[in-house]
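Presented below is the structure to which this report refers.
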Amino acid sequence: MIVVSNRLPVDYVEQPDGSAGWRSSPGGLVTALEPVMRAADGAWIGWAGVADREFDPFENDGISIIPVPLSESELEEYYEGFSNDTLWPLYHDVIAPPTYHREWWDAYVRVNRRFAEAAARAASDGAVVWVQDYQLQLVPKMLRESRPDLVIGFFNHIPFPAYGIYSQLPWRRQVIDGLLGADVIGFQRTADAGNFSRAVRRLHGYPTRGNVIEVPNEPRPGDEADMRRVVARAFPISIDAEGFEEIARRPDVQARAREIRESLGNPETVMLGVDRLDYTKGIRHRMKAFGELLRDGRIAVQDATLVQVASPSRERVETYRQLRDEIELTVGRLNGDYATLGHQAIAYLHHGYPREEMVALYLAADVMLVTALRDGMNLVAKEYVACRFDNDGVLVLSEFAGASDELRQAVLVNPHDIEGLKDAIIEAVRMPRRERSRRMRALRRRVRENDVAKWSASFLETLTGSGIIKAGLTDQLRDAVAELATTERLLVALDFDGTIAPLVEHPHDARATERAVAAIERLVALPDTRVALVSGRALDSLAEVASPPEGVLLSGSHGVELKLDSGPITLDLRDAELLKLAQLTRVVEEVVAAHPGARVEHKPAGLALHTRGLASTAATAAQLDARERVAAQLDGITVRSGKSVLEFSVRSTDKGESFTRMRQHAGATGAIYLGDDVTDEDAFAALEGEDLGVKVGQGKSIAPYRVRNPDDVAELLEHLASARERAAEGVSRWE
Ligand code: GDG
């Protein structure tokens with residue numbers, strides 16, 4: 001595995017005495033990825049933090065470090081220019097005006113190419129490459145062009161703006177194309193992923209469905225252009241919650257927190273802001289609100305102090321210099337107007353601090369003010385919560401920070417509304433202990449459950465399909481299912497083998513688990529609730545093994561045969577297709593004769609070659625033989641490989657089309673699809689709007705949720721049935 005980010009997890013530092021060396025900069029990303037990187041023999045590609053210096057790759061703590069050099073002018077044009085003075089303000093809703101310079105763009109392309117080349121050189125065959133953040137948006141496409149074998153992920157740490165804003169970018173198409181080189185593009189919020197998909201539709205017209213974008217592959221000579229599926233969805237980043245709590249529980253850190261309060265003159269309320277000194281963080285709005293509260297006498301300077309840590313950032317960019325001047329002027333004025341000899345109004349600190357000191361500050365603060373005007377996530381909000389093991393403290397949190405999607409029990413504010421912000425600060429200051437504790441407990445549960453390890457695991461699982469799947473249903477899946485249960489007309493679409501029925505050696509022995517059958521019966525009995533079985537099996541065989549209750553819709557042979565309310569329909573085969581089917585039958589029967597143990601299953605529009613009865617090398621040989629003979633003798637046959645089965649069809653329908661047909665037939669306003677096989681991916685791609693896709697078991701998938709096996713599927717169906725029954729009862733009570 002390879003991680004590519006603008007900065008390495010280590011910095012090259014030169015001391016004033018001339019000595020120099022590598023210092024690790026343990027940010028959240030490093031903490032999250034370290035265990036994965038060590039286990040995967042990973043490499044990290046990035047810039048070392050000093051211009052005009054080349055370094056050889058080296059090993060640091062079990063991770064290979066591959067430094068990429070940047071010249072002083074590239075630093076100005078690619079990093080300070082295009083990244084921080086074009087993309088950063090544009091992606092943060094043009095809070096500051098973005099600057100567009102063609103030379104900056106040229107440098108951005110050049111540097112992105114250098115990073116992509118470094119990754120292409122370092123990656124072994126079929127490796128996973130995970131590219132981080134807005135400085136490197138062109139890397140996925142560049143990498144895919146040179147190394148189509150790689151699995152490429154991208155995560156955007158900052159927001160992705162609405163099209164009306166994004167469309168200002170003179171290079172808007174190139175950036176979208178760059179990102180679409182990835183297999184999975186992660187965003188902080190669902191809204192960001194939605195903005196991205198809309199930009200793709202507006203600029204390219206590529207079809208998007210739910211989280212999936214269909215991107216045409218570059219046609220290779222002699223090949224028709226086919227489609228690649230790119231997943232674009234939210235993976236909200238988090239922190240090492242346990243690590244922060246551990247520091248917070250240390251007696252020396254707690255003593256330091258008390259010392260901080262004392263040094264401020266022991267005011268009743270300590271308020272805290274911790275930000276990089278950046279115009280997106282809403283530091284001015286916060287100070288304005290605080291200043292007006294002092295002016296209006298709603299807060300007295302003896303009772304409350306605002307501590308503002310503003311860590312130095314991007315000091316060579318002009319907008320940041322101006323911001324610093326403005327903020328320091330405001331701090332000076334407020335202290336001049338309101339401070340007394342014993343009490344400051346604002347304690348302003350333009351420094352970076354060690355993590356222990358940050359934690360002591362979090363512990364010392366009664367009220368944490370996060371008033372960002374726009375923020376991808378805002379980790380400070382999560383860190384504050386993680387440190388408050390005493391279940392005390394109030395978080396005031398901007399709706400414009402990604403964290404507000406999860407941290408709903410914070411006091412949520414619109415920082416542009418200064419009156420509203422003032423009221424929220426007063427509410428926080430006066431909040432009774434019980435209420436503070438109730439909210440903090442709920443916030444802490446959330447942050448503990450969704451930590452940074454979970455974030456990286458869930459991204460990588462979507463990207464590669466591997467990873468440990470927890471037993472049962474995750475909280476997110478439970479919540480999503482409960483939400484879906486309230487839809488007006490529900491469709492529950494299920495694959496059969498491997499999903500509601502455990503896989504068995506002989507297909508005719510397969511049976512759905514008793515729990516799944518019982519849950520399906522409960523669902524079918526509910527109003528406006530339809531269940532569909534969507535299978536690759538022929539309809540007869542499906543009806544026989546599943547013996548579904550009355551009213552269940554069926555789709556067999558990958559959508560060639562359907563049983564809807566009007567009765568069974570088989571899509572009629574044309575004469576040419578019938579002829580082809582006869583030829584296909586002959587070829588596949590030859591294969592079966594040549595490979596003892598292989599079996600053929602006849603279907604209305606094709607054949608399935610089952611190889612479950614063979615040892616794995618013999619099974620591979622039989623499948624290969626079948627593929628080769630069919631390809632040599634017949635044209636236009638659709639081939640699908642499933643688990644120990646190779647399917648040939650003269651008609652190219654798939655489970656996606658059947659799902660869509662079932663969805664329409666049921667007039668569904670919401671649907672869930674569960675499946676375990678590669679052929680179920682077509683159905684996941686056909687999900688709409690708020691529909692849920694759940695992959696059963698391991699394997700690469702575009703479905704956003706996963707469960708382990710048919711037992712977990714049964715649990716999910718039971719949970720859905722109960723939630724739907726409750727929803728139906730609620731409705732009838734209203735009536
Ligand atoms: C970008 C996105 C997204 C700050 N000062 C000190 C210090 N910090 C640490 C904080 C926190 C981190 O820096 C800042 O993270 P944020 O998330 O708050 O903001 P950005 O730097 O803008 O980060 C943001 C993030 O990427 C992750 O995806 O959440 O939206 O803009 O961890 O504690 N740490 C120490 N001393 C300081 O003085 N030790």
Side-chain angles (χ1 to χ4, degrees), residues 207 209-212 477 480-496 499-500 512 516-537 539 542-543 546-571 653-675 679-696 703-705 713-714 716-732:
R209 258 178 161 167
N211 297 323
V212 181
L477 179 54
V481 168
E483 174 76 36
L484 178 72
T486 61
T487 195
E488 207 179 325
R489 287 181 303 280
L490 174 67
L491 173 68
V492 183
L494 308 160
D495 167 48
F496 182 76
T499 298
I500 56 171
V517 172
I520 290 172
E521 281 168 357
R522 283 167 66 193
L523 285 164
V524 175
L526 285 164
D528 294 322
T529 309
R530 300 301 308 258
V531 175
L533 298 182
V534 180
S535 173
R537 282 178 185 257
L539 198 61
L542 177 63
S547 53
E550 191 68 17
V552 168
L553 307 169
L554 301 178
S555 160
S557 306
H558 296 284
V560 175
E561 301 174 286
L562 298 173
K563 185 178 157 283
L564 305 176
D565 292 325
S566 50
I569 8 172
T570 303
L571 306 184
T653 52
D654 62 36
K655 288 182 171 182
E657 285 166 45
S658 349
F659 169 77
T660 304
R661 189 132 178 207
M662 296 286 186
R663 204 181 185 289
Q664 281 161 1
H665 182 77
T669 49
I672 180 167
Y673 187 95
L674 289 105
T679 58
D680 294 307
E681 294 301 305
D682 294 317
F684 293 134
L687 297 175
E688 292 173 29
E690 305 296 306
D691 289 356
L692 294 184
V694 184
K695 161 89 176 171
V696 183
Y705 295 96
V713 170
L716 187 155
L717 292 173
E718 285 166 353
H719 178 58
L720 177 60
S722 302
R724 187 79 178 155
E725 281 161 1
R726 275 197 305 277
E729 249 173 50
V731 169
S732 58

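All values reported here derive from a predicted model rather than from experimental measurement.
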Side-chain (S535) to main-chain (L542) donor-acceptor, under 3.5 angstrom: no

Heavy-atom pair with the smallest gap, counting every atom of A686 and G656: CB-O, 3.7 Å

Nearest atoms (heavy-atom pairs only) where L491 meets A532: CD1-CB, 4.0 Å

Minimum side-chain heavy-atom gap L674-L692 below 4.5 Å: no

N/O donor-acceptor pair under 3.5 Å between S658 side chain and D654 backbone: yes

Backbone of T487 reached by a side-chain donor or acceptor of R724 within 3.5 Å: yes

Separation between CZ of F659 and CG of D682, rounded to the nearest 0.5 Å: 12.5 Å

Close side-chain approach of V534 and Y673, heavy atoms under 4.5 Å: yes

Audit row: L717, L494, side-chain contact (heavy atoms from CB on, under 4.5 Å) steps and yes/no: CA-CA 10 Å; L717 292 173; L494 308 160; 4.0 Å; yes

Heavy-atom pair of closest approach, residues H665 and L553: CD2-CD2, 3.8 Å

Least distance between heavy atoms, A543 atom then L554 atom: CB-CD1, 4.3 Å

Straight-line distance of M662 CE to L562 CG, nearest 0.5 Å: 5.0 Å

Heavy-atom side-chain proximity of L526 to L490 below 4.5 angstrom: no

Minimum-distance pair of heavy atoms, taken over all atoms of P549 and E521: CG-CG, 3.9 Å

L720 side, atom CG; L523 side, atom CG - distance, nearest 0.5 Å: 5.0 Å

Sidechain-backbone polar pair: T669 side chain, R489 backbone, donor-acceptor under 3.5 Å: yes

Sidechain-backbone polar pair: R530 side chain, A493 backbone, donor-acceptor under 3.5 Å: no

Distance, nearest 0.5 Å, that separates CD1 of I672 from CG of L716: 5.0 Å

Heavy atoms from other residues, nucleotides or ligands near CD of E483 exceed 12 (cutoff 6.0 Å): no

Residue pair K695 / A703: nearest heavy atoms and the distance that separates them: N-CB, 3.8 Å

Gap between atom OG of S555 and atom CD of E657 - 0.5 Å precision: 10.0 Å

Rounded distance (nearest 0.5 Å) linking atom CZ of R522 with atom CD1 of I520: 12.0 Å

Residues K655 and D680 bridged, charged N to O under 4.0 Å: yes

